[in-house]
Amino acid sequence: MPKKFNVTGLCLPNQHYMADISEKLHTIISDYIQTGKYFTINRARQYGKTTTLYLLEQMLKNDYRVIRLSFEAADEMFVSRNTLAQGLIRKISRILKLQNTPPALIQSWNQPISAQFPIDDLGERITELCCDSDKKIVLMIDEVDKSSDNQVFLSFLGLLRNKYLEMMQENDRTFHSVILAGVYDIKNLKLKLHPEEIPKYNSPWNIASDFTVDMSLSPNEIANMLLDYEKDYHTGMDISAISRLIYDYTSGYPYLVSRICQLTDERLAGSADFPSRPDAWSLTGITGAEKLLRKESGPLFDDINKKLADYPDLKHILQNILFHGKRYPFEKDVPLIQLGMTLGFLKEKEGFLAIENRIFETKLYDLFLAESAASYDKIYQIGSMERNQYFVNGTLQMRLVMEKFYRHFTKIYRDNDQKFIEDQGRKIFLLYLQPIINGAGNYYIESQTRDLKRTDIIVDYKGVQSVIELKIWHGKEYNQRGIRQLFEYLDYYKTDTGYLLSFNFNKNKKTGIQEISYHGKRIMEVVV
């Protein structure tokens with residue numbers, strides 16, 4: 001069977017095209033497992049945690065006895081301490097049998113657990129197993145946070161912690177290394193042990209070492225996966241350019257990387273716009289796959305919607321970053337920031353909070369704009385109704401878009417005060433633009449230039465890029481500096497024309513449209 005790109009469940013090297021993460025795995029082994037560390041791998045949903053544990057197991061099993069468990073659908077184990085102990089005995093016994101463990105070792109492990117002291121008896125059983133095993137034992141538990149709001153789970157963590165501390169004092173034998181994987185970092189879980197109790201932070205896992213290995217995929221790791229695909233299909237793709245573009249969209253988020261590749265291979269190749277694989281594996285094809293990805297539903301995007309509803313304060317931070325250019329200092333210990341990072345919304349960039357990747361950013365823009373469409377119905381409906389007049393022979397006429405926006409904005413919002421326009425101006429423009437390019441074009445906000453004073457929007461319509469700078473007027477000198485920066489930006493995007501939308505609140509302001517030329521390049525400035 002030929003290999004496929006895979007985004008569900010476990011990825012297997014002999015069945016799926018996968019990024020080569022062997023360097024990461026060797027780092028985990030040398031820096032964490034060989035040194036006997038206990039640690040957690042906590043990353044957002046569909047970040048490759050399960051596959052990472054599987055690959056680690058394959059690399060370790062010759063030198064270690066590896067026990068890899070999952071707490072997925074294991075709720076019945078956490079009814080009581082007794083059911084937990086019995087459940088772990090059963091699960092681990094099954095694994096030991098599949099590893100051809102000596103029968104005497106399995107028989108000793110399977111002895112009945114004390115009903116009166118089940119956790120203590122489980123601890124004794126772990127000691128016996130580790131003493132009698134011919135290899136050091138590594139314990140891996142996936143989906144460990146599925147039952148983490150349960151007191152019985154805390155008892156299990158406490159057992160592992162106490163045995164580790166005793167081992168450090170040479171008073172016990174226990175697992176050489178323990179890896180717990182899940183979305184939430186169990187060192188900082190918000191636990192509700194009983195309905196009547198106030199939620200609190202509790203950590204029986206303070207023995208864990210900080211896990212600092214970057215689990216995102218680098219452009220080189222993406223390129224290695226594409227090279228594997230190219231050996232099978234010989235598309236002639238520019239692997240370096242395409243892997244870089246995929247990384248620019250995803251920031252290496254494993255699910256998003258694989259899904260873009262899967263959509264390119266299975267949905268775009270052979271379609272009307274991309275009749276062959278070489279057509280699809282192009283920069284235009286990858287852009288088309290990214291657009292398909294943003295429009296589909298699925299567990300990851302459904303979870304985003306749910307989390308936005310569950311955490312309105314986090315949603316407020318995201319909206320401020322996106323629409324108002326507000327800059328929040330990165331402080332990982334702040335619970336709300338930690339939550340945003342845990343859920344995959346936020347990351348640290350140059351000391352400030354940033355949206356995790358461009359796909360999430362545009363998806364959030366789409367969601368927030370959809371929520372705002374009713375409040376700004378006039379401008380959104382105008383963009384939607386006039387959409388067809390902005391295209392000539394399939395080419396987006398961005399100059400006409402800007403001219404029309406100037407007229408409509410002036411008519412609808414001329415009586416609003418400065419504060420309203422300063423807060424809502426960028427959102428209003430995006431609400432006007434979105435229905436015009438929706439369905440065939442992409443847009444994203446250049447995060448490096450987004451702040452309280454300026455925002456650069458990149459519109460990509462069928463491979464043609466338009467650069468639009470949105471700017472709050474802060475004096476003539478600042479305006480001139482912004483124009484120079486925009487000219488430099490045009491060089492980066494290899495285009496001769498740019499657009500500048502200025503929101504000017506001076507009493508004696510001069511609104512209107514003008515052309516600015518410099519070294520063969522042009523800027524259309526619209527002042528409202």
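All of these numbers come straight from a predicted model, not from anything done at the bench.
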Which pair of heavy atoms, one from [X] and one from [Y], lies closest together, and at what distance?
X      : Y      : value
Pro329 : Ile337 : O-CD1, 3.8 Å
Leu268 : Gly288 : CD1-C, 4.1 Å
Tyr253 : Gln46  : CE2-O, 3.5 Å
Lys363 : Glu296 : NZ-O, 3.8 Å

If you round to the nearest 0.5 Å, how far is CG of Leu343 from CG of Leu314? 6.5 Å
Can you tell me how far CG of Asp238 sits from CD of Glu230, rounded to the nearest 0.5 angstrom?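 The CG atom of Asp238 is 10.0 Å from CD of Glu230, to the nearest 0.5 Å.
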Are a donor atom and an acceptor atom from the side chains of [X] and [Y] found within less than 3.5 Å of each other?
X      : Y      : answer
Gln424 : Tyr376 : yes
Gln15  : Asn6   : no
Thr287 : Tyr249 : yes
Asp366 : Tyr443 : yes
Asp214 : Ser216 : yes

Could you go step by step and tell me if Tyr233 and Trp281 meet the ring-ring contact (aromatic ring centres under 6.0 Å, His included) rule? CA-CA 11 Å; Tyr233 292 103; Trp281 287 100; 9.1 Å; no
Does any part of the side chain of Met524, heavy atoms only, come nearer than 4.5 Å to the side chain of Tyr499, both counted from C-beta?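 Tyr499 vs Met524: side chains touch.
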Go through Phe429 and Met402 one step at a time and tell me if the side-chain contact (heavy atoms from CB on, under 4.5 Å) criterion holds. CA-CA 10 Å; Phe429 177 75; Met402 302 301 291; 3.9 Å; yes
Going by the angle between their ring planes, with limits at 30° and 60°, are Phe211 and Phe39 parallel, tilted or perpendicular? parallel
Would you mind listing every salt bridge (charged side-chain N to carboxylate O under 4.0 Å, His left out) that reaches into residues 304-315, with sequence neighbours excluded? Asp303-Lys307, Lys306-Asp310, Lys315-Glu371
Residue pairs, two or more places apart or on separate chains, that pass salt bridge (charged side-chain N to carboxylate O under 4.0 Å, His left out) and touch residues 5-29: Lys24-Glu221
Determine the sole option in Leu256, Ile260, Leu217 for which the side-chain contact (heavy atoms from CB on, under 4.5 Å) test with Ile246 is passed. Ile260
Heavy-atom neighbours of Arg294 CZ exceed 12 at 6.0 Å: yes
Whether Lys427 engages the ring of Phe323 as a cation-pi pair (distance to the six-membered ring centre under 6.0 angstrom, angle to the ring normal within 45°) should be assessed. yes
Testing Asp265, Asp232, Asn224 one by one against Tyr17 for a side-chain hydrogen bond (donor to acceptor under 3.5 Å, both in side chains), which residue passes? Asp232
